[in-house]
Protein chains: 2
Amino acid sequence: MADRSTIYEVARRSGVSTATVSRVMADGKGFSPATRERVRAIAAELGWVPSGPARGLASRRSGIVGLLFPDLGRSGEAEEESPLYIDQVIRGAERAATAVGDAVLIAATQCASGRELAFSVAGKVDGLVVMARSVSDEDIDALARSVPVVVLANNRVRSGLDFVGADNRSGARDVTGHLITEHGIRDLAFLGGPSESPDSQDRFAGFCDALALAGLPVPGAPAADGAFTEAGGDQAARAMLAERVPRAIVCGNDEMAIGALGALRSARLRVPADVVVTGFDDIAATRHVRPALTTVHQPMRELGERAVQVLLGRLSEPAGPPFTVVLPTEVVIRGSCGCRAPGSRRQA
Amino acid sequence: MADRSTIYEVARRSGVSTATVSRVMADGKGFSPATRERVRAIAAELGWVPSGPARGLASRRSGIVGLLFPDLGRSGEAEEESPLYIDQVIRGAERAATAVGDAVLIAATQCASGRELAFSVAGKVDGLVVMARSVSDEDIDALARSVPVVVLANNRVRSGLDFVGADNRSGARDVTGHLITEHGIRDLAFLGGPSESPDSQDRFAGFCDALALAGLPVPGAPAADGAFTEAGGDQAARAMLAERVPRAIVCGNDEMAIGALGALRSARLRVPADVVVTGFDDIAATRHVRPALTTVHQPMRELGERAVQVLLGRLSEPAGPPFTVVLPTEVVIRGSCGCRAPGSRRQA
DNA sequence: TTGTAGGCGTTATCAT
DNA sequence: ATGATAACGCCTACAA
């Protein structure tokens, strides 16, 4: 509290040199157990912890990795607009970082206004994990010139950058295929997210793959857009239902599917009897809604973990060819697709 | 990427001194617009961003605030064991920090094993927000000797430390009072969380307050403990029901209430007809379960925001008396208490 | 096992 | 409006 003490004072009071104090705090080698105890005791007594900035300057490693994620819904007053799965990614990143003694710096950025923040963060970290839609593609390239960058869940391949993502396309193909094959459904509609979202694009592509595979007509675009939010899903579904009632609504994510469930209920349509619904992501709420939501599980936590692992790898191996990690997704069968036995999983 | 360039190179190429470059990057005063543009252009061209560590060392401010939150469920394999509301707190903290240009460093720590991590983080930040149960009370004191600390949601008052929390006790008193007053219920049981949790303790105390106020017998301890998890709530409720069936189960948090809902369903008891249930926190899932959960809203995001605001205030005013901020909670009436008109809120 | 000393990349003070 | 230069607190060869 009172003017933070320095390594010099600790050294003086313990009767050793600063080099020895440094070695002790780094848990390295080159000192007797007795010295170690004495130094640590003095440090504790003084409430001294080595200065991160000074350490970082001297060793050229801050021991911090940055995570940039999209900052949705900050403009409006709406709470919880941001996709819930981001929190899981953050947890995963934190876990992987602390596993090696690093810490995670987080920053929510919007493509438009986040530039300054993003570059400010870049200066404070050893490397950056950048989630889709948190900064513009050009800025990703710019950031990558300042610091190692791992791109997360953004299918737009940036030349030479490491990438970690989930197999969205296969997941969407598989759920859609399930509806077609197991339930004999031939009239399906896709409820997409923001058109610029790579995730939404990939999932729509997978949806189309399944239709094509079954010889069904392939639409050129999602039947409606729901902004990846529950309210948006509700609205989009209402609009869709006003025109026609498909036998199945395949949603770009779980939040929208839950919104669609509400719209369907308002329209006095039963799920799955009249219309079946599927989601994507497998957020916690899918188990709580009635009927429970058939969806595609995305390994959100692992996405975060792998992203920082790849980043750490890059830090120790600055050259080397770019990594690309695509984690598998799997469909999770619950009630909303019309299946009886819920809970089973099929890997994609 | 290639050996990060320094302020020297930028200065040389722009034909100015490092001091000027520094001023330009700090957006300060003391340079012509022309110089400003030139320097920024060179910096962008080189992909140079000022080194955070060097900045921090020279200015004695890293521009980073730390957030320590409890790391539950890392031991077991269970995903999503950690209370969901922590994510909201993180978002709030991030928002408040970036509002002033700072960044947030997060670290999940367990009281037992997190010591080292906590102190490592302490060295990297200007100040720390410490959530309940993330580090031991003794370690909080120790940390506070190294760096400014704000205690979040831990009712154990630490002498002289700033504190931010929610009014758990009033919230619990109010829901419980609602059941007694509006629904005429006189046979209530409290399903608590981990006994060492300050939140759980406060909420149980509020529950007791309401009973006492109504002249009902006051229990010495919660009827059961559910570890604040859905599975724990389910188990605890089953155990409780095996002995007796209360008219109301007041739960220490929403996850446990949702678990209790499941246990009740298994026991063929209807909610709210046979047994009414209430939760605490107002997580997203409370709106999805059937019946929707009557609960107590806790301003989670705001908790995070206020905590870092208080911390930032402390940084600019190191002396001064300790702050204490207690945010109000409010009960949210939904279906699980037996009320007809859901959605209304009553402030605590 | 321990000490010495140079350097890490900025900021800030004092000049000009 | 701009420069020169001394800190800032630690790490790390290099020595002893």
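Below, chain A is the first sequence line, B the second, and so on; all start at residue 1.
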- Task: Looking at every strand, decide which applies to Val16(A) at a 4.0 Å heavy-atom threshold: base, sugar-phosphate, or nothing.
- Result: sugar-phosphate

- Just call it for Gly15(A): base, sugar-phosphate, or nothing, with non-hydrogen atoms closer than 4.0 Å on any strand. sugar-phosphate

Whether over 12 other heavy atoms sit under 6.0 Å from [X] [atom1]:
{"X": "Arg115(B)", "atom1": "CZ", "result": "no"}
{"X": "Arg40(A)", "atom1": "CZ", "result": "yes"}
{"X": "Glu116(B)", "atom1": "CD", "result": "no"}

- Using 4.0 Å as the upper bound for N to carboxylate O, is an ion pair formed by Glu305(B) and Arg301(B)? no

- Item | Pair Arg36(A) + Asp27(A), salt bridge at N-O below 4.0 Å | yes

- Query: What are the bounds, 5' to 3', of the part of DNA chain C that sits under 4.0 Å from heavy atoms of chain A?
  - Reply: dT1(C) to dG9(C)

- Message: If we count only N and O atoms by modelled type, under 3.5 Å, do the side chains of Asp71(A) and Thr109(A) hold a donor and an acceptor together?
- Response: no

Between atom [atom1] in [X] and atom [atom2] in [N], what is the gap in whole Å?
{"X": "Phe31(A)", "N": "dT12(D)", "atom1": "CZ", "atom2": "P", "value": "14 Å"}
{"X": "Lys29(A)", "N": "dC11(D)", "atom1": "NZ", "atom2": "P", "value": "18 Å"}
{"X": "Ile7(A)", "N": "dA7(D)", "atom1": "CD1", "atom2": "P", "value": "19 Å"}
{"X": "Arg23(A)", "N": "dA13(D)", "atom1": "CZ", "atom2": "P", "value": "11 Å"}
{"X": "Arg12(B)", "N": "dG3(D)", "atom1": "CZ", "atom2": "P", "value": "15 Å"}

Contact under 4.0 Å: [X] side-chain N or O vs [N] OP1/OP2:
{"X": "Ser59(B)", "N": "dC8(D)", "answer": "no"}
{"X": "Arg60(B)", "N": "dC8(D)", "answer": "no"}
{"X": "Ser32(B)", "N": "dT2(D)", "answer": "yes"}
{"X": "Ser22(A)", "N": "dC11(D)", "answer": "yes"}
{"X": "Thr35(B)", "N": "dT2(D)", "answer": "yes"}

- Give the intermediate values and the outcome of salt bridge (charged side-chain N to carboxylate O under 4.0 Å, His left out) for residues Arg91(A) and Asp87(B). CA-CA 9 Å; Arg91(A) 298 291 185 103; Asp87(B) 295 316; 3.1 Å; yes

- Toward the 5' end of DNA chain D, which comes first, Val21(A) or Arg38(B), by nearest nucleotide? Arg38(B)

- Proximal nucleotide (of dC10(D), dC11(D), dC8(D)) relative to the Thr6(A) side chain: dC10(D)

- Would you mind telling me which residue lines up with the more 5' stretch of DNA chain C, Tyr8(A) or Gly30(A), judged by nearest nucleotide? Gly30(A)

